[in-house]
Amino acid sequence: MARNSESGKSRERGSEDLWLDEAYRVLVDSGVDAIKVLPLAKSLNLSRTSFYWHFDNRETLLEALIEKWKRCNTGNLIQRTEAYAETVTEAILNLFDCWIDESLFDSRMDFAIRNWAQNSSGLKAVLENTDRQRIAAIGSMFNRFSFSDSEAETRAYTVYYTQIGYISMKVEESTADRMRHMPAYVEIFAGQPPSEAEMARFMARHRELAVG
């Protein structure tokens, strides 16, 4: 009987992930100002009181959203720059996984965070530091393939700002069309084209999206 009672209370409270996912949805759809406890509770069909089982206040929830963004987008981007590659072109294609797979890099969330940072000096500083971390990781990727520090840095800026431009401008392009441009992007960024085998492996990783 006690177990059933506790299970019922858990359902009434929801879960931290449930609240965080709903806050994420509101953030990417409507911006940070729309994230308020009562509307979130109504949307989840939970009481406002249940929110406080998981978060001290709205600010704690917003901090959790920022951590989610850093963990997903920045963490995955850095991991892809460090993934095994025999050539620089293969390394760039590893990074391009982030631009294709939303589970690795959520462009909608990145856009929302950048908008949010325009009115938050604290988050702006976090964003600037995050951009530096990402660029440094991409630069280190180029360094592994004997590019000088200056060349690696310049190429890293070019790769990264191209993608951020896509995000900031909300470029409308199907995934299939973008993937068809990937060999040319790789050649521009690396100074040499990817091999057919490298492109075949990349396309195989994203086969379902490539034909979408």
Side-chain angles (χ1 to χ4, degrees), residues 28 66 69-118 123-196 198-207 209-212:
V28 299
I66 294 170
W69 163 70
K70 290 194 290 186
R71 185 172 59 253
C72 174
N73 285 13
T74 303
N76 286 333
L77 183 150
I78 291 173
Q79 286 180 358
R80 295 313 294 156
T81 65
E82 296 172 346
Y84 175 77
E86 292 186 358
T87 65
V88 66
T89 50
E90 184 178 21
I92 291 173
L93 287 170
N94 286 340
L95 174 60
F96 281 4
D97 288 341
C98 291
W99 313 153
I100 299 298
D101 187 345
E102 285 282 322
S103 70
L104 291 177
F105 191 95
D106 188 332
S107 59
R108 294 180 70 206
M109 191 173 196
D110 225 67
F111 180 83
I113 290 287
R114 290 177 189 282
N115 278 348
W116 178 0
Q118 292 178 15
L123 181 56
K124 183 179 180 182
V126 171
L127 178 59
E128 290 172 348
N129 183 60
T130 297
D131 284 336
R132 285 192 293 269
Q133 287 180 322
R134 295 175 181 178
I135 291 168
I138 299 170
S140 294
M141 179 187 76
F142 281 107
N143 280 142
R144 295 206 319 266
F145 297 96
S146 301
F147 287 90
S148 69
D149 288 346
S150 177
E151 288 177 317
E153 182 180 53
T154 301
R155 290 174 190 271
Y157 281 130
T158 304
V159 171
Y160 186 65
Y161 289 145
T162 296
Q163 179 58 25
I164 296 306
Y166 261 85
I167 293 170
S168 299
M169 294 173 66
K170 290 192 168 183
V171 174
E172 294 290 339
E173 182 182 42
S174 72
T175 302
D177 283 344
R178 192 168 193 198
M179 289 180 73
R180 282 192 285 273
H181 296 149
M182 289 300 187
Y185 277 121
V186 174
E187 184 169 5
I188 289 168
F189 295 145
Q192 62 190 69
S195 69
E196 290 184 7
E198 288 169 345
M199 282 308 305
R201 287 193 292 271
F202 177 77
M203 298 299 282
R205 291 200 294 271
H206 306 289
R207 183 173 289 112
L209 294 172
V211 299

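Position 1 is the first residue of the sequence, and the numbers go up from there.
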> Would Asp101 and Arg80 pass as an ion pair if we require N to O under 4.0 Å?
Replying inline: no
> Is the Trp99 ring parallel, tilted or perpendicular to the Phe96 ring (thresholds 30°, 60°)?
Replying inline: tilted
> Where is the tightest heavy-atom contact between Ala91 and Arg144, given as atom of each residue plus distance?
Replying inline: CB-NH2, 4.5 Å
> So how far is it from His206 NE2 to Arg178 CZ, rounded to the nearest 0.5 Å?
Replying inline: 11.5 Å
> Can you tell me how far the CZ atom of Arg180 sits from the CE atom of Met203, to the nearest 0.5 Å?
Replying inline: 8.0 Å
>> Please find the pair of heavy atoms, one from Glu198 and one from Leu93, that lie closest to each other, and give the distance.
In response: O-CD1, 3.8 Å
> Measuring from Arg132:CZ to Tyr160:OH, what's the distance to the nearest 0.5 Å?
Replying inline: 11.0 Å
>> If I take atom NZ from residue Lys124 and atom CG from residue Asn129, how far apart are they, to the nearest 0.5 angstrom?
In response: 14.0 Å
> Under the 3.5 angstrom rule, does the side chain of Glu151 hit a backbone N or O of Phe147 as a donor-acceptor pair?
Replying inline: no
> Phe142 and Ala156: which non-hydrogen atoms are nearest, and at how many Å?
Replying inline: CE1-N, 4.0 Å
>> With a 4.5 Å cut-off on side-chain heavy atoms, are Gln79 and Asp97 touching?
In response: no
>> Determine whether Leu77 and Gln133 satisfy the following criterion, side-chain contact (heavy atoms from CB on, under 4.5 Å), listing intermediate values before the conclusion.
In response: CA-CA 10 Å; Leu77 183 150; Gln133 287 180 322; over 6 Å; no
>> Between Ile138 and Arg155, is the side-chain contact (heavy atoms from CB on, under 4.5 Å) condition met? List the steps.
In response: CA-CA 8 Å; Ile138 299 170; Arg155 290 174 190 271; over 6 Å; no
> Which atom names give the shortest non-hydrogen contact between Ile78 and Ala137, and what distance separates them?
Replying inline: CG1-CB, 3.9 Å
> How long is the gap from CE on Met179 to CE on Met199, to the nearest 0.5 Å?
Replying inline: 7.0 Å
> Applying the salt bridge (Lys or Arg N to Asp or Glu O under 4.0 Å) test to Arg201, which of Glu90, Glu86, Glu196 qualifies?
Replying inline: Glu90
>> Working note: Asn115 + Gln118, criterion side-chain contact (heavy atoms from CB on, under 4.5 Å); need CA distance, chi angles, decisive distance, verdict.
In response: CA-CA 5 Å; Asn115 278 348; Gln118 292 178 15; 3.6 Å; yes
>> Determine whether Trp69 and Val126 satisfy the following criterion, side-chain contact (heavy atoms from CB on, under 4.5 Å), listing intermediate values before the conclusion.
In response: CA-CA 11 Å; Trp69 163 70; Val126 171; 4.2 Å; yes
> Hey, is CD on Glu173 packed in by over 12 heavy atoms from elsewhere, all under 6.0 Å?
Replying inline: yes
> Do you know the tightest heavy-atom contact between Arg205 and Asn94?
Replying inline: NH2-OD1, 3.7 Å
> Do you know which of Ile167, Val28, Ile164, Asn73 makes side-chain contact (heavy atoms from CB on, under 4.5 Å) with Ser107?
Replying inline: Ile167
> Judged by atom type as modelled, is there a donor-acceptor pair below 3.5 Å linking the side chain of Asn76 to the main-chain atoms of Phe105?
Replying inline: no
> How many angstroms lie between CD1 in Ile92 and CE in Met141, if you round to the nearest 0.5 Å?
Replying inline: 5.0 Å
>> Tell me the closest heavy-atom pair linking Leu123 and Ala117, and the distance in Å.
In response: CD2-N, 3.8 Å
>> Under a plain distance cut-off of 3.5 Å, with no hydrogens placed, do Thr89 and Thr87 share a side-chain donor-acceptor pair?
In response: yes
